[in-house]
2 protein chains.
Amino acid sequence: MTRTTKPQNENHTACPMDSLLKLLMGPWTTYILWLLRSQGPQRYGELKAGMPGISSKVLTERLRMLEGAGLIHRDYKPTVPPAVTYSLTPRGAELKDVLEGLNDLAQRWHAEDMRVEA
Amino acid sequence: MTRTTKPQNENHTACPMDSLLKLLMGPWTTYILWLLRSQGPQRYGELKAGMPGISSKVLTERLRMLEGAGLIHRDYKPTVPPAVTYSLTPRGAELKDVLEGLNDLAQRWHAEDMRVEA
DNA sequence: CAGGATCCTGTCCGATACTG
DNA sequence: CAGTATCGGACAGGATCCTG
């Protein structure tokens with residue numbers, strides 16, 4: 001086996017949590033999940049409109065990653081013009097709970113820090 | 001930190017959860033937290049030894065970020081030679097629960113995927 | 001409408017060398 | 001021992017143009 005990269009690094013990137021974390025951390029990833037959850041299934045253009053400043057490339061990239069991780073579902077209608085609708089999968093919903101836990105934590109800490117610094 | 005990025009991005013990086021997520025996603029971040037939790041407070045050198053392949057610079061960088069976020073505590077003894085010990089703060093412990101939740105999810109999905117693909 | 005291809009850019013990471 | 005300083009390279013992300 002040719003092994004040019006360092007074995008140690010594979011160790012920690014192979015960790016399922018780490019890859020999930022790495023997926024979530026993308027600049028717009030949580031936004032996408034948030035939009036799909038709060039506004040229900042949406043089409044590509046709607047998502048893009050809801051995220052001012054994102055490029056097609058990055059949005060597509062993120063959507064593919066989320067799809068690959070089984071967090072969202074891609075529904076492709078080969079009409080003319082084509083219509084693609086994205087929605088959350090059960091896994092996406094499961095993930096929601098953890099994300100909200102993280103969010104609560106972050107917000108609480110943030111609030112605490114405000115009080116301390118004031 | 002220099003602030004040359006576009007205003008639109010500040011919108012989503014200003015979200016407390018996003019910054020926390022961004023912090024956690026660093027290449028070695030979860031490792032550090034994991035080590036400090038499973039092996040208790042450790043010194044700089046011990047941490048480094050436990051993470052083969054990491055450079056001083058990156059380790060210091062990550063430690064400073066974690067310290068700045070209030071997740072770890074830095075105890076500096078100005079002896080000769082100096083001794084610096086890092087430990088988890090209460091916040092670090094709190095974060096642990098969420099991380100484990102995420103980890104459980106990731107592992108379960110991973111296991112499920114294995115069954116499906118087999 | 002929903003992306004693919006391409007180029008360019010900054011950022012961040014790791015290696016090496018040096019210091020109080 | 002516990003860092004800092006500096007440099008180069010890889011890669012991620014953005015802008016733009018183009019297509020089924």
Side-chain angles (χ1 to χ4, degrees), chain A residues 4-13 18-19 21-32 36 41-68 72-87, chain B residues 1-13 18-19 21-32 41-68 72-87:
Chain A
T4 50
T5 52
K6 293 151 216 146
Q8 296 93 350
N9 288 353
E10 296 183 18
N11 183 9
H12 92 277
T13 46
D18 237 29
S19 35
L21 214 44
K22 187 154 194 165
L23 169 71
L24 291 178
M25 136 280 170
W28 306 92
T29 316
T30 56
Y31 247 46
I32 297 175
L36 285 181
Q42 287 178 71
R43 299 179 54 179
Y44 184 90
E46 293 181 283
L47 282 173
K48 190 170 180 189
M51 309 162 74
I54 199 174
S55 65
S56 322
K57 177 193 165 190
V58 175
L59 179 53
T60 302
E61 207 176 271
R62 288 270 103 83
L63 288 171
R64 289 284 133 79
M65 289 175 120
L66 289 171
E67 190 194 358
I72 64 176
H73 175 68
R74 181 174 184 267
D75 188 26
Y76 176 74
K77 306 280 189 193
T79 55
V80 178
V84 182
T85 306
Y86 292 93
S87 56
Chain B
M1 266 178 258
T2 52
R3 180 153 286 287
T4 52
T5 50
K6 295 149 208 147
Q8 293 101 351
N9 289 351
E10 295 184 21
N11 182 11
H12 92 276
T13 46
D18 238 27
S19 37
L21 217 43
K22 186 153 195 167
L23 169 70
L24 290 178
M25 137 276 172
W28 305 93
T29 316
T30 54
Y31 245 46
I32 296 175
Q42 287 178 70
R43 299 178 55 179
Y44 183 90
E46 293 181 282
L47 282 173
K48 190 171 181 191
M51 309 162 75
I54 199 175
S55 66
S56 323
K57 176 194 165 190
V58 175
L59 179 53
T60 302
E61 208 176 87
R62 287 274 103 87
L63 288 172
R64 290 283 134 81
M65 288 175 123
L66 290 171
E67 190 194 358
I72 63 175
H73 175 69
R74 181 174 185 265
D75 188 25
Y76 176 73
K77 305 280 188 194
T79 55
V80 178
V84 181
T85 307
Y86 292 93
S87 56

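Labels below follow one simple rule: chain letters A, B, ... track the order of the sequence lines, proteins then strands, and each chain is numbered from 1.
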Q. Can you name the closest pair of heavy atoms from B/Pro27 and B/Arg62 and give their distance?
A. CD-NH1, 3.0 Å

**Q.** Protein-nucleotide distance (B/Asp75, atom CG; D/dC1, atom P), rounded to Å
**A.** 18 Å

Q | Residue list, side-chain hydrogen bond (donor to acceptor under 3.5 Å, both in side chains) with B/Arg43, at least two apart or on another chain | A | none

Q: For B/Tyr86 and for A/Pro81, find the nucleotide of DNA chain D with the closest heavy atom, then tell me which residue's nucleotide is more 5'.
A: B/Tyr86

Q) How many Å lie between CG on A/Leu59 and C1' on C/dA5, as a whole number? A) 17 Å

Q) With sequence neighbours excluded, what pairs up with B/Pro41 under the side-chain contact (heavy atoms from CB on, under 4.5 Å) test? A) B/Thr85, B/Ser87

Q.
Under 4.0 Å from OP1 or OP2 of D/dA12: is there any side-chain N or O of A/Trp28 that close?
A. no

Q | Ionic contact status for B/Arg64 with B/Glu67, cut-off 4.0 Å | A | yes

Q: Walk me through it: do B/Lys48 and B/Ile54 pass the test side-chain contact (heavy atoms from CB on, under 4.5 Å)?
A: CA-CA 7 Å; B/Lys48 190 171 181 191; B/Ile54 199 175; 4.1 Å; yes

Q | A/Arg74 side-chain N/O to C/dA2 phosphate OP1/OP2 under 4.0 Å | A | no

Q: Please report, rounded to the nearest Å, how far the P atom of D/dG13 is from the CD atom of A/Glu61.
A: 6 Å

Q: Please tell me which of the listed nucleotides, C/dG4, D/dA2, D/dG13, lies nearest to the side chain of A/Ser56?
A: C/dG4

Q: Find the distance B/Lys22:NZ to D/dG13:C1' and express it as a whole number of Å.
A: 11 Å

Q) What's the CE-C1' distance between A/Met65 and C/dG3, to the nearest Å? A) 17 Å

Q: Would you kindly give the CZ-to-P distance between A/Arg62 and C/dA2, to the nearest whole Å?
A: 20 Å

Q: Pull out every residue in residues 43-50 of chain B that has a heavy atom closer than 4.0 Å to any atom of DNA chain C, ordered by number, or say none.
A: none

Q. Is B/Lys57 side chain donor-acceptor paired with the D/dG3 base, going by distance under 3.5 Å alone?
A. no

**Q.** Non-hydrogen atoms of B/Leu21 and A/Thr30 that approach each other most closely
**A.** CD2-CG2, 3.4 Å

Q.
Below the 4.0 Å mark, does D/dG3 have OP1 or OP2 next to a side-chain nitrogen or oxygen of B/Arg64?
A. yes

Q | For atom CE of B/Met25 and atom C1' of D/dC11, their distance in whole Å | A | 11 Å

Q) Taking atom C1' of D/dG13 as reference, at what distance in whole Å does atom OH of A/Tyr31 sit? A) 17 Å

Q. Taking the side chain of B/Ser55 as its heavy atoms from C-beta onward, which of D/dC1, C/dG14, D/dA15 lies nearest to it?
A. C/dG14

Q: Begin from the C-alpha positions of A/Tyr44 and A/Leu63 and carry the test side-chain contact (heavy atoms from CB on, under 4.5 Å) through to its verdict.
A: CA-CA 9 Å; A/Tyr44 184 90; A/Leu63 288 171; 3.9 Å; yes

